[in-house]
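A short worksheet on the structure shown next.
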Amino acid sequence: VIIPPALTEEQIEFYNREGYLVLPGLLNADAADAVRGDITTIMDVIGLGTSKLRQSNEYLKGSALDRFVNDPDLLSVAERLMGGSSTMYLPFTAVKSGNGGGQFHFHQDNQYTRFDGPGINLWCAFTPMTEENGCLKIIPRSHREGTLPSELSGDGDQHKKVTFEPADFVSVLMNPGDCVAFSRLTVHGSGPNNSPENRIAYAVQFHRNDVNYSTDGGGTFQSLVENPRWSVGPVEHITPPKGRIDGH
């Protein structure tokens with residue numbers, strides 16, 4: 001499904017230094033179209049409404065989305081960037097509705113479930129990502145600060161944000177089929193969608209196999225390989241998700 005990039009040592013060094021790496025054209029146009037259709041079908045089932053980020057980790061067995069999420073070349077990208085054998089942690093839709101899908105505040109994925117080692121998000125565009133429709137925004141090198149303090153976003157949805165307002169960030173403009181990889185510690189967010197069309201993306205998160213995780217803020221940890229946090233296999237039918245999905 002994907003076109004595996006021949007990652008260079010310079011790209012891996014950039015990822016380690018900056019906390020993110022853009023991978024243009026990870027999927028060709030036909031594959032991107034097919035996956036976008038599958039994501040749209042999921043939104044039709046679970047309901048999009050006006051959302052700053054509509055998430056579901058369900059995907060249909062045998063679909064183009066199934067082939068994308070479980071593509072061994074996608075796993076290989078994660079392993080190259082994290083420097084070791086890895087496992088999928090959580091795949092999910094990342095759809096921001098048109099005509100009012102709001103800002104998603106700057107945060108770290110590690111401010112939710114905490115990892116004690118490398119985690120990565122391969123965040124792929126299936127519509128153009130622009131300033132107008134709320135593209136991803138990333139703070140380079142922020143992963144070097146470890147897990148930062150967080151607070152509730154104030155939107156009444158239990159999402160979190162960092163306790164400062166970033167002024168220096170990169171807007172990641174993308175075409176359908178492009179992907180941006182970023183560390184679980186990299187501070188990121190997105191602006192509002194002021195366009196009439198839905199902004200459609202999909203995120204596949206991975207962890208290195210030596211990573212432990214904590215759901216109590218670092219009080220206790222357990223192995224992700226031995227005790228997976230989520231069920232991430234394909235399903236026969238899409239159902240509305242129950243509660244918030246972890247990771248953004």
Side-chain angles (χ1 to χ4, degrees), residues 18-20 46 48-57 88-97 100-124 129 133-172 180-193 199 201-208 211-222 224 227-230 232 240-248:
E18 302 295 329
Y20 77 99
I46 69 174
L48 177 57
T50 301
S51 175
K52 67 181 184 182
L53 197 70
R54 191 67 167 114
Q55 296 168 290
S56 172
N57 67 337
M88 182 165 58
Y89 171 67
L90 181 67
F92 58 89
T93 59
V95 181
K96 189 186 293 285
S97 59
Q103 173 190 11
F104 203 99
H105 295 277
F106 281 101
H107 65 282
Q108 295 169 307
D109 291 337
N110 222 43
Q111 291 169 332
Y112 293 86
T113 301
R114 185 168 298 189
F115 290 8
D116 67 357
I120 195 170
N121 193 331
L122 300 184
W123 197 97
C124 298
M129 297 292 150
N133 71 4
C135 66
L136 201 66
K137 299 177 185 296
I138 283 176
I139 302 179
R141 306 193 180 194
S142 53
H143 66 304
R144 297 183 173 193
E145 304 299 322
T147 303
L148 299 169
S150 65
E151 60 190 12
L152 290 177
S153 70
D155 292 343
D157 54 14
Q158 300 304 305
H159 288 299
K160 296 183 178 183
K161 65 178 181 178
V162 294
T163 57
F164 61 95
E165 190 59 39
D168 188 15
F169 54 81
V170 172
S171 294
V172 186
V180 58
F182 56 90
S183 165
R184 192 167 179 82
L185 292 171
T186 299
V187 177
H188 61 286
S190 61
N193 185 355
R199 189 215 71 179
Y202 199 90
V204 188
Q205 297 182 342
F206 296 88
H207 64 85
R208 207 168 66 187
V211 167
N212 301 300
Y213 74 99
S214 172
T215 58
D216 59 6
T220 59
F221 285 87
Q222 56 184 320
L224 266 170
N227 301 281
R229 179 83 169 88
W230 303 100
V232 298
K242 297 179 181 179
R244 178 180 55 78
I245 298 296
D246 175 54
H248 318 288

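No hydrogens, no waters, no symmetry mates; every other heavy atom, side chains included, goes into these values.
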- Message: Closer than 3.5 angstrom, by distance alone: can the side chain of Asn110 be matched with the main-chain N or O of Phe115 as a donor-acceptor pair?
- Response: yes

From the list Thr113, Val232, Val204, Asp109, side-chain contact (heavy atoms from CB on, under 4.5 Å) with Tyr89 holds only for Thr113

Separation of [Y] [atom2] from [X] [atom1] (nearest 0.5 Å):
{"X": "Cys135", "Y": "Met129", "atom1": "SG", "atom2": "CE", "result": "9.0 Å"}
{"X": "Ile139", "Y": "Phe106", "atom1": "CD1", "atom2": "CZ", "result": "5.0 Å"}
{"X": "Gln108", "Y": "His143", "atom1": "CD", "atom2": "NE2", "result": "11.0 Å"}
{"X": "Asp116", "Y": "Asn212", "atom1": "CG", "atom2": "CG", "result": "4.5 Å"}
{"X": "Ile120", "Y": "Tyr20", "atom1": "CD1", "atom2": "OH", "result": "14.0 Å"}
{"X": "Ile138", "Y": "Ser183", "atom1": "CD1", "atom2": "OG", "result": "10.0 Å"}

[X] vs [Y] side-chain heavy atoms within contact, under 4.5 Å:
{"X": "His207", "Y": "Arg184", "result": "no"}
{"X": "Val211", "Y": "Pro118", "result": "yes"}
{"X": "Leu148", "Y": "Phe164", "result": "yes"}
{"X": "Gln222", "Y": "Tyr213", "result": "yes"}
{"X": "Leu224", "Y": "Arg229", "result": "yes"}
{"X": "Val95", "Y": "Leu53", "result": "no"}
{"X": "Gln158", "Y": "Leu152", "result": "yes"}

Given the options His188, His159, Lys160, His107 meets side chain to side chain donor-acceptor pair (under 3.5 Å) only with His188

What residues form a side-chain hydrogen bond (donor to acceptor under 3.5 Å, both in side chains) with [X], not counting sequence neighbours?
{"X": "Lys137", "answer": "Glu131, Ser171"}
{"X": "Ser150", "answer": "none"}
{"X": "Thr220", "answer": "Asp216"}

How far apart are the closest heavy atoms of [X] and [Y], and which atoms are they?
{"X": "Thr50", "Y": "Gly101", "value": "CG2-N, 4.2 Å"}
{"X": "Ser97", "Y": "Gly49", "value": "CB-O, 3.3 Å"}
{"X": "Ser214", "Y": "Gly218", "value": "OG-N, 2.8 Å"}
{"X": "Thr93", "Y": "Ser56", "value": "OG1-N, 2.8 Å"}
{"X": "Ile46", "Y": "Arg54", "value": "O-NH2, 2.9 Å"}

For [X], all residues meeting side-chain contact (heavy atoms from CB on, under 4.5 Å), sequence neighbours excluded:
{"X": "Asp168", "value": "none"}
{"X": "Asp155", "value": "Lys52, His105, Ser153, Asp157"}
{"X": "Ser190", "value": "Lys96, Phe104, Arg199"}

